[in-house]
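Accompanying notes for the structure given below.
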Amino acid sequence: MKKALLILSATVCMASCAEKSSPEAEMNKFVDELMSQMTLEEKVGQLNLLSMWFDVTGPRMSEDVEQKVKDGLVGGVFNFWTPNAVRKLQDMILTQTRLKIPLLVGYDVIHGHRTIYPIPLGLAATWDTDLIERIAAAVADEASADGLHWTFSPMVDLARDPRWGRVCEGAGEDPYLGAEIAKAMVRGYQQGDLSKQNTIMACVKHFALYGAAEGGRDYNTIDMSRLRMYNEYLPPYEAAVKAGASSVMTSFNEIDGVPATGNQWLLTDLLRRQWGFKGLVVTDWTAIYEMEDHGVGDKAKVTELSINAGVDMDMVSEYMIAELPALVTSGRVKEATVDAACRRILEAKYRLGLFTDPYRGVSEERAQAQMLSPEKLDLCKEAAVKSIVLLKNERQTLPLDASKTIAFIGPLVKNQRNLVGSWSAAGDWSQAVTLWDAVERKFPNGKFLYAQGCHLVESATIRRNTDPNGNVIDDTPPQQLLAEAVRTAKGADVVVAVLGDAYDMSGEAASRSNIDLLDHQKTLLKALKETGKPVVLALMNGRPLTLQWEHDNIDAILETWYAGTRAGEAIADILFGNANPSGKITMTFPRSVGQIPIYYNHKNTGRPFSNDSKFTTKYIDMENTPLYPFGYGLSYTQFTYSGVQLSDSTLADNGYLTASVTLTNSGDRAGEEIVQLYIRDLVGSITRPVKELKGFQKVALKPGESKQVSFKITPELLKFYNADLKWSAESGDFLAFIGGNSDTDNKAKFTLQ
Ligand code: BGC
């Protein structure tokens, strides 16, 4: 293959300069040389990111992309992959463009590329950052082998409102856990060295606060105090940036009245100056264009705002390419600002090794070896098993006895498409193993019955607002499906109802005002309950649901999320006790939608909730606790906690203390428990949350076994942003809680001197 002269000369320079200068200096020299040859239009071209194959989420489609690539007007493309397609495109660059600058190739690889792992909210429920890092590395292996350099992940938006459809893409409601998971994902994708061909660039999104949309309605307005931002919503973004994430994506929302994509405080003062971010900032899909609808200016103005705020790359709007040359000529944008943005994009390409090998070693053979390899499928199964949360288990309904007659009922028993959830990238859902196939394979002589029970989605409104092709329903009358299901249930010893949402009822633009199980599915569940048979509810959905009736009436409830390519096998292992559930929810499950926002780390208020007095903070028409608190999840065994032991009752400002419990498996099965440390700062210069997660460990115990579980508490762990936005710990009394979920009252007191 004929290589670009530029690339050859870069290689020569890189080899000959190696001993003399640092890699950073070599890169700077290379980029300087390259930029010295670029016209303003070519520099602006680098800032242009276009969707190649299809239109995913927005109103506009990039047209004539190939021609624009040839004209040097494109810096990167996305929604595009496979070794041959990517090689062809880079060939075009090398043979038909003046400067032969390879393209960045990105894609939303959110929870797997070809092998699909559980949705991020499910992965978070594993609380296993080592597993999540291994998954991100495995995802990078597949994605890079398929020609990708860049994933638009991790999404680290803290979310406390389950009406928001995108809660499925993140880690839930907690800043500490969110930050730990964000770091793990960045480490996994980037491996600390993007020149390795099996890595991809991470992109932290959506910067910032996107998860706090009013009413949980996607794209809605956000208005938040700096204190809340710094103490609660920003930590996961900051952690990901400090873990070395190479890129950041702006969010659609406004912050302090200025859209994030044009917000200089956010993108320059905070991100670059305070946090020291050196990578590239890309907008979300058409976010510059949308600033016109936000009402902050016309096409030229919003382009000016975005580049001056600190945006480097324009996703799909094509406003930068259209407006920047004139804005520079008129002096509204300095050429140096365009240069800085262009430089960051070229640096990313350099770090990825694209100037040395524009193909990054992609080949069909490498792709074949990586895609859906046995190791990746095993990892997928491990993650799926660990992500499942047992929400209820009365009278040991679970695990099931395989010698019994079991009726599997529901529209999700045999459904493949939904197992991989929304945003399952290039994953092929036809590879996903359904629960029905898994149980039939697992127990070839099992007495299993099946009935569909109902259509997945009957509501015409929901069907209209989701995937019109995915939610097609056949003509079978609902009454007929229901009658068959009841007949089938009556012939069984136990019923497993597999119900929940269609995959596209979660994700972008999938907010719900009602998060109950769909009405017609509840009707089915009630009918199954009326048969008098024990009923297990296995849920598939992408957000916390309101499950009060189910909790009060159903014997056992499993939250399986959308567990990915090997979902069915994982669910079967849990149902039949080959695996013991260990997942814990990372978002509070409310009793009713009216309780939202409801989250564990709330403030105490001056009238904390009490059942003993009317004049406390509460609703008068319901129980005020959540149905399932943050951190909650059951096991087939029982874990008992001793009281919290502190190594000391005082903590010096340069010292540490340990808080420990003895954890015992007091049941009769081996199991894993996620032990959680929470801290409460009893008195502060500003009010402090009633509890904050500050540590967690997953502990495996055999039946009867005990282990001491210890956490180190340092003054650093007690710091928060005060009213001056200063990060400091304040002396005084604290409570350390250790338990199996955020509702624990197992605590001890200590004093920071
Ligand atoms: C989403 C982003 C995504 C982008 C590109 C947008 O609509 O908000 O999360 O990365 O599209 O597909």
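Note that the coordinates shown come from a computational prediction; the quantities given were computed from them, not determined experimentally. Whatever order the structure lists them in is the order used to number ligands and atoms, beginning at 1. Only this structure's heavy atoms are used, side chains among them; waters, hydrogens and symmetry mates stay out.
- Checked against a 6.0 Å centroid threshold, the rings of W164 and Y210 count as neighbours.
- Close contacts of ligand 1 with F78, meaning ligand atoms under 4.0 Å from a residue heavy atom, involve 5 (C), 12 (O).
- None of R360, K196, R366, H149 except one satisfies the side chain to side chain donor-acceptor pair (under 3.5 Å) rule with S144; the exception is R366.
- Ligand 1 lies nowhere less than 4.0 angstrom from a heavy atom belonging to Y219.
- For W285 and F78, the gap between ring centers is short of 6.0 Å.
- Figure legend: K299 and Y319 shown as a cation-pi pair, the cationic atom lying under 6.0 angstrom from the six-membered ring centre and within 45 degrees of its axis.
- The contact set between ligand 1 and K205, taken as ligand atoms under 4.0 Å from a residue heavy atom, comprises 2 (C), 3 (C), 9 (O), 10 (O).
- Listed by atom number, the atoms of ligand 1 under 4.0 Å from D284 heavy atoms are 1 (C), 2 (C), 3 (C), 4 (C), 6 (C), 7 (O), 8 (O), 11 (O).
- Distances shorter than 4.0 angstrom do not occur between any heavy atom of M155 and any atom of ligand 1.
- If you look at W423 next to ligand 1, the close heavy atoms, those under 4.0 Å, all belong to the side chain.
- Counting the atoms of ligand 1 from 1 in the order shown, those under 4.0 Å from a heavy atom of F152 are 10 (O).
- The heavy atom nearest to atom 9 (O) of ligand 1, out of those in M249, M315, H206, is found in H206.
- Using a 4.0 Å heavy-atom cutoff, E169 is absent from the residues neighbouring ligand 1.
- Only one option out of L372, T115, I116 pairs with Q431 in a side-chain contact (heavy atoms from CB on, under 4.5 Å); it is L372.
- Considering backbone and side-chain atoms alike, W285 places every N or O at 3.5 Å or more from each N or O of ligand 1.
- At distances below 3.5 Å, not a single donor-acceptor pair connects side-chain atoms of E173 with backbone N or O atoms of Y599.
- Checked by distance only, ligand 1 and D108 come closer than 3.5 Å through their nitrogen or oxygen atoms.
- Side-chain atoms of S247 come within 3.5 Å of backbone N or O of A202 as a donor-acceptor pair.
- Considering backbone and side-chain N/O atoms, E508 comes within less than 3.5 Å of an N/O atom of ligand 1.
- Ring pair W275/Y230: centre-to-centre distance not below 6.0 Å.
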